[in-house]
Amino acid sequence: MKDFAGKIAVITGGGTGMGRELARQLVAEGCNVAMCDVSAEAMAETKRLCEVEKLPQGLRITTHVADVSIEDHYKRFRDELIEQQATDKIHLLFNNAGIGGGGSLFTNTREQWERTFNICWGGVYLGVRTFLPLLVKADEAHIVNTSSVNGFWASVGLGVSHTAYSAAKFAVKGFTEAMINDLRLNAPHVKCSVVMPGHIGTSIVSNSRKVQNGADQLNPDELKQARQRLQGQGIDVAKMSDADIQQLALDRARIFHDEAPTTAAAAAKIILDGVKADRWRILVGDDAHLLDEHVRKAPERAYTPEFYQDIVAATGWKVG
């Protein structure tokens with residue numbers, strides 16, 4: 001697929017971050033977009049940004065409230081798309097929605113763990129299941145599943161458990177790689193790519209708290225875990241109030257967004273260029289390339305303190 005003009009794209013998690021930037025860049029190339037998100041307000045802002053420049057006549061941008069972990073929501077999204085986009089086919093599916101949380105089997109609740117897994121993995125699986133018939137009807141189509149560097153390296157640092165997100169992203173990677181041959185055998189005009197971003201400047205940290213907790217605040221269990229993590233990093237937390245810990249968490253979310261080595265807009269361009277080049281494996285960011293190289297070179301060292309320290313030194317990461 002060398003260009004997107006006149007095509008129809010589905011984007012999950014279109015309200016913020018890479019989803020928003022994918023929508024903006026696709027619309028700028030003359031592609032119709034149908035996006036879903038749990039936040040109608042966030043999608044309205046994405047749509048507004050897409051419409052800042054006058055849209056070509058007939059170009060359609062539609063928004064649909066849906067939780068990607070719930071199949072009935074996906075089916076409603078599909079049915080609304082068919083009606084509002086006046087189509088029985090789509091050309092591009094970006095399974096982009098994701099959250100963090102539920103990192104530990106010991107200190108997080110099962111509900112938190114499964115919420116993360118069911119969005120980050122289940123959302124991809126259900127997205128493909130729901131929209132595959134519409135993709136097959138197109139003359140050419142491409143599925144783009146967002147994994148992560150945590151799809152080949154299950155860690156964000158020594159003091160942080162990261163099981164739910166990593167398990168989901170490994171599943172996305174394996175699923176997409178297996179789809180290459182499945183599509184080749186059964187729908188050769190449909191291609192697929194797995195996207196593995198490094199640290200991208202998005203609001204995933206704060207958005208994840210909103211989805212998990214209903215607000216951009218740590219819950220009591222998370223406050224306790226944050227204290228333990230900070231103490232493990234050699235920080236004296238004895239005199240720190242809960243409000244101090246909450247502020248540190250807000251600062252971390254801001255730093256994650258503002259000081260990332262790759263912006264969401266740059267990430268979206270890398271992804272779209274990868275689709276045009278028909279690349280099934282799309283690493284996003286210099287840190288992703290470095291980490292991939294390090295893990296492949298010395299997989300047995302991947303979870304040692306020395307390995308993580310080398311990665312921080314090489315990439316300047318401020319996460320974990």
Side-chain angles (χ1 to χ4, degrees), residues 17-18 97-108 112-113 115-117 119-121 146-173 194-209 211-213 216 218 221-235 245 248-262 264 267 283-296 298-299 301-320:
M18 292 194 303
I99 64 166
S104 174
L105 291 170
F106 296 89
T107 57
N108 291 110
Q112 287 176 318
W113 202 101
R115 184 78 174 125
T116 298
F117 188 80
I119 288 174
C120 292
W121 155 244
T146 299
S147 178
S148 165
V149 292
N150 293 132
F152 60 79
W153 185 64
S155 176
V156 287
L158 303 176
V160 186
S161 298
H162 202 50
T163 63
Y165 187 85
S166 296
K169 296 303 186 179
F170 266 78
V172 171
K173 178 176 179 289
V194 59
V195 174
M196 291 172 285
H199 180 188
I200 311 300
T202 72
S203 301
I204 189 172
V205 175
S206 56
N207 286 347
S208 297
R209 290 199 198 105
V211 171
Q212 295 279 14
N213 303 335
D216 191 12
L218 301 179
D221 286 341
E222 290 169 335
L223 278 168
K224 182 179 178 181
Q225 293 161 29
R227 285 184 179 277
Q228 291 172 341
R229 183 168 65 249
L230 291 168
Q231 191 169 10
Q233 294 170 352
I235 298 172
I245 303 294
L248 283 176
L250 291 173
D251 290 344
R252 177 175 174 267
R254 178 190 58 76
I255 290 169
F256 189 94
H257 182 281
D258 295 347
E259 300 184 22
T262 306
L283 291 168
V284 181
D286 291 342
D287 54 344
H289 285 275
L290 277 167
L291 187 54
D292 181 54
E293 180 183 340
H294 278 65
V295 171
R296 288 174 177 275
R301 291 184 63 243
Y303 302 105
T304 63
E306 295 77 18
F307 183 91
Y308 180 68
Q309 290 159 9
D310 288 348
I311 291 299
V312 171
T315 63
W317 268 5
K318 296 180 180 179
V319 298

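Computed from heavy atoms alone, side chains included, the values below leave out hydrogens, waters and symmetry copies. If you read the sequence from its start, that first residue is 1, and numbering goes on from there.
Side chain of S161 to backbone of G103: no donor-acceptor contact under 3.5 angstrom is found. In this structure a side-chain-to-backbone donor-acceptor pair under 3.5 Å is present from T116 to G100.
With contacts defined as side-chain heavy-atom distances shorter than 4.5 Å, the pair I311/L291 qualifies. The shortest distance between side-chain heavy atoms of D310 and R301 falls below 4.5 Å.
F307 meets the ring-ring contact (aromatic ring centres under 6.0 Å, His included) test with W153; sequence neighbours excluded. Scanning for side chain to side chain contact (heavy atoms under 4.5 Å, CB included) contacts around S148 gives N150, Y165, K169, with sequence neighbours left out. Residues passing the salt bridge (Lys or Arg N to Asp or Glu O under 4.0 Å) test with D286, sequence neighbours excluded: none. Residues passing the ring-ring contact (aromatic ring centres under 6.0 Å, His included) test with H294, sequence neighbours excluded: none. Under the side chain to side chain contact (heavy atoms under 4.5 Å, CB included) criterion, A97 pairs with T12, V68, not counting sequence neighbours. Considering only residues two or more places apart in sequence or on other chains, T163 meets the side chain to side chain donor-acceptor pair (under 3.5 Å) condition with W113.
Separating the NZ atom in K173 from the OG1 atom in T146 is a distance of 14.5 Å, to the nearest 0.5 Å. For the atom pair CD1 of I119 and CD1 of I99, the computed distance is 3.5 Å after rounding to the nearest 0.5 Å. Note that OH of Y308 is 13.5 Å distant from OH of Y303, once rounded to the nearest 0.5 Å. Note: D292 CG to M196 CE = 6.5 Å, rounded to the nearest 0.5 Å.
In terms of heavy atoms, A288 sits closest to P197 at CB-C, 4.3 Å. Across A164 and G101, no two heavy atoms sit closer than the pair CB-O, 3.7 Å. Annotation for G198 and V149: closest pair CA-CG1, 3.8 Å, computed over non-hydrogen atoms. Between I200 and A267 the shortest heavy-atom distance is CG2-CB, 3.9 Å. The nearest pair of heavy atoms linking S166 to S155 is OG-N, 4.0 Å.
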